[in-house]
Number of protein chains: 2
Amino acid sequence: MNTNQQFAVAIHILTLLAALPDQSLTSAQIAASVNTNPVVIRRILGQLRKQNLVESRSGASGGWKLTRAPSQIHLCSVYDALIRAALLGMHPHPNPGCPIGSHIHPALEKVFEQAEQAMHNALSGFTVQDVLLEIQTLEPAKE
Amino acid sequence: MNTNQQFAVAIHILTLLAALPDQSLTSAQIAASVNTNPVVIRRILGQLRKQNLVESRSGASGGWKLTRAPSQIHLCSVYDALIRAALLGMHPHPNPGCPIGSHIHPALEKVFEQAEQAMHNALSGFTVQDVLLEIQTLEPAKE
DNA sequence: TCATTTGTAACTATTGTAGTTACAAATGAA
DNA sequence: TTCATTTGTAACTACAATAGTTACAAATGA
């Protein structure tokens with residue numbers, strides 16, 4: 001199976017930051033919710049910062065915050081930040097002397113491109129706000 | 001990155017069988033086109049046979065054939081045969097004591113389900129015949 | 001001044017996959 | 001009937017991606 005959990009963790013982190021908009025959270029606090037090591041969190045947050053989805057401050061009372069409203073963070077941006085390699089991979093060296101082998105890559109590229117674009121479009125239909133609201137629906141109300 | 005090449009190899013195999021409809025091909029012949037080991041090919045063909053996309057015969061003059069016309073083999077069936085695990089994976093154990101951690105999985109499931117379904121739908125728009133025709137377009141004509 | 005926190009390098013352990021070897025069972029041709 | 005061919009599958013090795021961990025310099029604010 002695919003062992004890459006970074007996309008799921010990234011959405012988890014962003015949802016947590018969205019739930020506590022007035023504070024900045026440390027990687028240790030976030031790690032406690034995700035149940036992993038703070039360095040794993042910082043690695044993922046580093047990627048999210050490259051896409052300008054979060055900002056950080058070092059030092060005492062430092063931590064992480066969203067750069068914009070959760071309703072303005074679409075999950076396709078998170079995908080772009082975290083999923084570097086294609087989900088559908090090519091085989092490396094088909095036989096160039098075979099009529100099929102010599103042209104299978106460009107033919108597959110067309111198909112894979114469209115398939116991944118379809119997933120991308122589907123993810124653009126969700127925001128961090130949507131995930132947060134879904135969780136608040138599942139969470140029993142408290143006083 | 002995703003190192004799983006089986007989906008790409010499976011489409012390669014099916015396209016090759018489609019290109020030579022009147023013969024059955026051995027795993028060794030197919031392996032020569034894919035440029036890999038025959039056992040790798042047989043493993044993938046075994047999965048394709050479970051979905052009834054190909055049939056095999058053991059022994060002398062045995063080999064593999066498609067069970068139907070290439071225009072009747074949609075790439076979503078190949079996906080179903082080969083991609084067992086979800087492309088978008090969950091993180092294993094978010095903190096059940098955290099309001100976000102305790103509900104992130106069902107919230108993500110909704111999103112991931114739709115994203116993968118979108119990819120599946122895109123793949124259902126292509127058949128092995130489409131891939132073969134694309135390759136024959138790329139292949140310079142011969143006499 | 002100092003505790004806190006990020007940023008990052010380096011390392012280990014685990015897991016999934018490709019590739020390989022080996023061989024029993026099936027099968028058809030001679 | 002014999003035998004070369006081929007599938008089907010188990011067992012193994014090698015490699016690559018990732019999660020998790022340790023360590024520590026640099027930044028920062030109390």
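Convention: sequence-line order gives letters A, B, ...; per-chain numbering from 1.
- Remark: A:H74 engages no residue in a ring-ring contact (aromatic ring centres under 6.0 Å, His included) (not counting sequence neighbours).
- Straight-line distance from the CD1 atom of A:I83 to the P atom of D:dA17: 15 Å, rounded to whole Å.
- In the region residues 11-24 of chain A, proximity to DNA chain C at under 4.0 angstrom, judged on heavy atoms, holds for none of the residues.
- What separates CG of B:N4 from P of C:dT15 is a distance of 18 Å, to the nearest Å.
- Secondary structure note: stems in DNA chain D built from 3 or more consecutive Watson-Crick or G-U wobble pairs under 3.5 Å occupy C:1-30 with D:1-30.
- Sorted by first and then second residue, the pairs that involve residues 123-136 of chain B and meet salt bridge (charged side-chain N to carboxylate O under 4.0 Å, His left out), not counting sequence neighbours, are A:K110-B:E134.
- In this structure B:N37 satisfies the side chain to side chain contact (heavy atoms under 4.5 Å, CB included) test together with B:V39, B:V40, sequence neighbours excluded.
- Listed for the A:T67 side chain is a donor-acceptor partner under 3.5 Å among the backbone atoms of A:L53.
- Applying the ring pair (Phe, Tyr, Trp, His ring centres under 6.0 Å) rule to pairs touching residues 8-64 of chain B yields A:H91-B:H12, sequence neighbours excluded.
- Going from atom CG of A:N35 over to atom C1' of D:dT21 covers 15 Å, rounded to whole Å.
- Rounded to whole Å, atom P of D:dT28 lies 13 Å from atom CD of A:E55.
- With sequence neighbours excluded, no residue satisfies side chain to side chain donor-acceptor pair (under 3.5 Å) with B:S24.
- Under a 3.5 Å cut-off, the side chain of B:S102 and the backbone N or O of B:C98 do form a donor-acceptor pair.
- For A:Q6 and D:dA19, the shortest distance from a side-chain N or O to OP1 or OP2 is below 4.0 Å.
- Separating the CZ atom of B:F7 from the P atom of C:dA18 is a distance of 14 Å, rounded to the nearest angstrom.
- Counting only residues at least two apart or in different chains, ring pair (Phe, Tyr, Trp, His ring centres under 6.0 Å) contacts with residues 114-137 of chain B comprise B:Y79-B:H120.
- Between the P atom of D:dT18 and the CG atom of B:L88 lies a distance of 14 Å, rounded to the nearest Å.
- The ring-ring contact (aromatic ring centres under 6.0 Å, His included) test applied to A:H103 returns no partner, not counting sequence neighbours.
- The interatomic distance linking B:L82 (CG) with C:dT17 (C1') rounds to 13 Å, in whole Å.
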- Could you run down nucleotides 3-11 of chain C 5' to 3' and tag each one B, S or - for protein heavy-atom contact under 4.0 Å? -BBBBBBB-
Donor-acceptor pairs are to be reported for all side-chain atoms of residues 55-63 of chain A against protein atoms at under 3.5 Å, with residues two or more places apart or in another chain.
| unit_1 | atom_1 | unit_2 | atom_2 | d |
| --- | --- | --- | --- | --- |
| A:S56 | OG | A:R49 | NH1 | 2.7 |
| A:R57 | NH2 | A:S61 | O | 2.9 |

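- The side chain to side chain contact (heavy atoms under 4.5 Å, CB included) test applied to A:Q72 returns A:R68, A:A69, not counting sequence neighbours.
- Atom CG in B:N37 sits roughly 12 Å away from atom C1' in C:dA22 (whole-Å rounding).
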